[in-house]
Amino acid sequence: MSTTVDFIEYVCKQIEGIGVVRYRKMFGEYMVYVNDKPVLIVCDNTVYVKKLPELEELLANAELGYPYKGAREHYILEIENADLSRQVVAIAETIIPLPKSKKPKAN
């Protein structure tokens with residue numbers, strides 16, 4: 001089951017106010033960016049956030065899971081809890097670096 005457009009838009013609405021929020025479809029699922037940083041992975045209507053030491057205490061009781069085959073273990077974010085979600089995203093956004101720009105290959 002793939003993530004629905006309604007769900008990804010709900011996820012983005014839940015974290016409004018943290019920064020510039022956008023999403024991008026990738027491999028049939030979605031990546032949510034905050035201030036151009038890839039902060040959340042959304043697969044099968046489930047929201048995942050990278051396991052970062054800075055989130056350990058806040059998400060101590062969170063479920064763990066794998067967003068896709070071959071991925072590292074992530075926290076499953078309880079997106080219905082908007083306050084917690086905004087708190088987690090605000091912390092993750094400060095830690096996660098901007099993606100490196102892709103430079104065209106020289107011939």
Side-chain angles (χ1 to χ4, degrees):
M1 172 178 89
S2 293
T3 299
T4 63
V5 173
D6 287 343
F7 186 76
I8 192 68
E9 289 176 353
Y10 170 73
V11 169
C12 292
K13 187 156 184 69
Q14 289 294 89
I15 60 171
E16 279 181 345
I18 299 299
V20 177
V21 178
R22 68 180 175 88
Y23 62 88
R24 182 173 170 199
K25 193 165 190 159
M26 299 178 78
F27 308 110
E29 294 295 350
Y30 293 90
M31 178 70 73
V32 176
Y33 295 83
V34 177
N35 299 327
D36 292 325
K37 296 178 181 183
V39 177
L40 302 174
I41 299 172
V42 183
C43 300
D44 296 326
N45 286 350
T46 303
V47 182
Y48 297 89
V49 64
K50 189 175 184 176
K51 284 180 75 176
L52 300 166
E54 294 83 354
L55 297 175
E56 208 170 291
E57 187 176 323
L58 193 58
L59 295 175
N61 297 321
E63 287 184 56
L64 300 172
Y66 299 89
Y68 53 89
K69 187 177 179 179
R72 292 185 179 166
E73 192 173 54
H74 284 61
Y75 292 113
I76 295 176
L77 185 60
E78 189 181 319
I79 198 65
E80 295 79 18
N81 184 337
D83 290 337
L84 174 66
S85 296
R86 282 192 292 272
Q87 207 174 351
V88 166
V89 169
I91 292 168
E93 189 277 331
T94 62
I95 298 161
I96 295 172
L98 285 167
K100 293 179 180 164
S101 62
K102 296 179 183 177
K103 295 181 182 178
K105 294 181 181 178
N107 290 337

Find out if a path of hydrophobic residues (ILVMFWY) with successive side-chain heavy-atom gaps under 4.5 Å connects Met31 to Leu55.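 Looking at the clustering, Leu55 is in a separate group from Met31.
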
Give a yes or no on whether Val49 and Ile8 share a hydrophobic cluster (residues Ile, Leu, Val, Met, Phe, Trp, Tyr; joining criterion: side-chain heavy atoms under 4.5 Å apart).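 Shared cluster, yes.
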
Working to the nearest 0.5 angstrom, can you tell me the gap between [X] [atom1] and [Y] [atom2]?
X     : Y     : atom1 : atom2 : answer
Leu98 : Lys37 : CG    : NZ    : 5.5 Å
Ile95 : Ile91 : CD1   : CD1   : 7.0 Å
Ile76 : Ile41 : CD1   : CD1   : 12.0 Å
Ser2  : Tyr30 : OG    : OH    : 8.0 Å
Leu77 : Gln87 : CG    : CD    : 11.0 Å
Met26 : Cys43 : CE    : SG    : 10.5 Å

With sequence neighbours left out, write down each residue that passes salt bridge (charged side-chain N to carboxylate O under 4.0 Å, His left out) with [X], or none if nothing qualifies.
X     : answer
Glu73 : Lys51
Lys50 : none
Asp83 : Arg86

Could you check if a side-chain atom of [X] sits within less than 4.5 angstrom of a side-chain atom of [Y], using non-hydrogen atoms only?
X     : Y     : result
Val34 : Leu40 : no
Leu84 : Leu58 : yes
Thr46 : Val42 : no
Asp36 : Arg22 : yes
Val5  : Tyr23 : yes

Are Thr3 and Glu29 linked by a side-chain donor-acceptor pair shorter than 3.5 Å?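 Checked: Thr3/Glu29 side chains pair up, N/O donor to acceptor below 3.5 Å.
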
Looking only at heavy atoms, which two atoms of [X] and [Y] are closest? And how far apart?
X     : Y     : answer
Ile79 : Ser85 : CA-OG, 3.4 Å
Pro38 : Pro97 : CD-O, 4.1 Å
Gly65 : Pro67 : O-CD, 3.9 Å
Tyr33 : Arg24 : CE1-CB, 3.8 Å

Step by step, work out the side chain to side chain contact (heavy atoms under 4.5 Å, CB included) result for Val39 and Val32. CA-CA 6 Å; Val39 177; Val32 176; 5.9 Å; no

Residues that Tyr48 engages under side chain to side chain donor-acceptor pair (under 3.5 Å), provided they are two or more places apart: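 Tyr48: no side chain to side chain donor-acceptor pair (under 3.5 Å) contacts found.
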
Apply ring pair (Phe, Tyr, Trp, His ring centres under 6.0 Å) to Phe7 and list each qualifying residue two or more places apart in sequence or on a separate chain.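 With sequence neighbours excluded, Phe7 shows a ring pair (Phe, Tyr, Trp, His ring centres under 6.0 Å) to no residue whatsoever.
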
Is Glu54 atom CD crowded by more than 12 heavy atoms from other residues, nucleotides or ligands, each under 6.0 Å away?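 Enclosed.
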
Any donor-acceptor pair under 3.5 Å linking the side chain of Asn35 with the backbone of Glu93?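 Absent.
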
Among residues two or more places apart or on two chains, list those pairs meeting side chain to side chain donor-acceptor pair (under 3.5 Å) that have a residue in residues 61-70.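 Counting only pairs at least two positions apart or across chains, no side chain to side chain donor-acceptor pair (under 3.5 Å) contact touches residues 61-70.
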
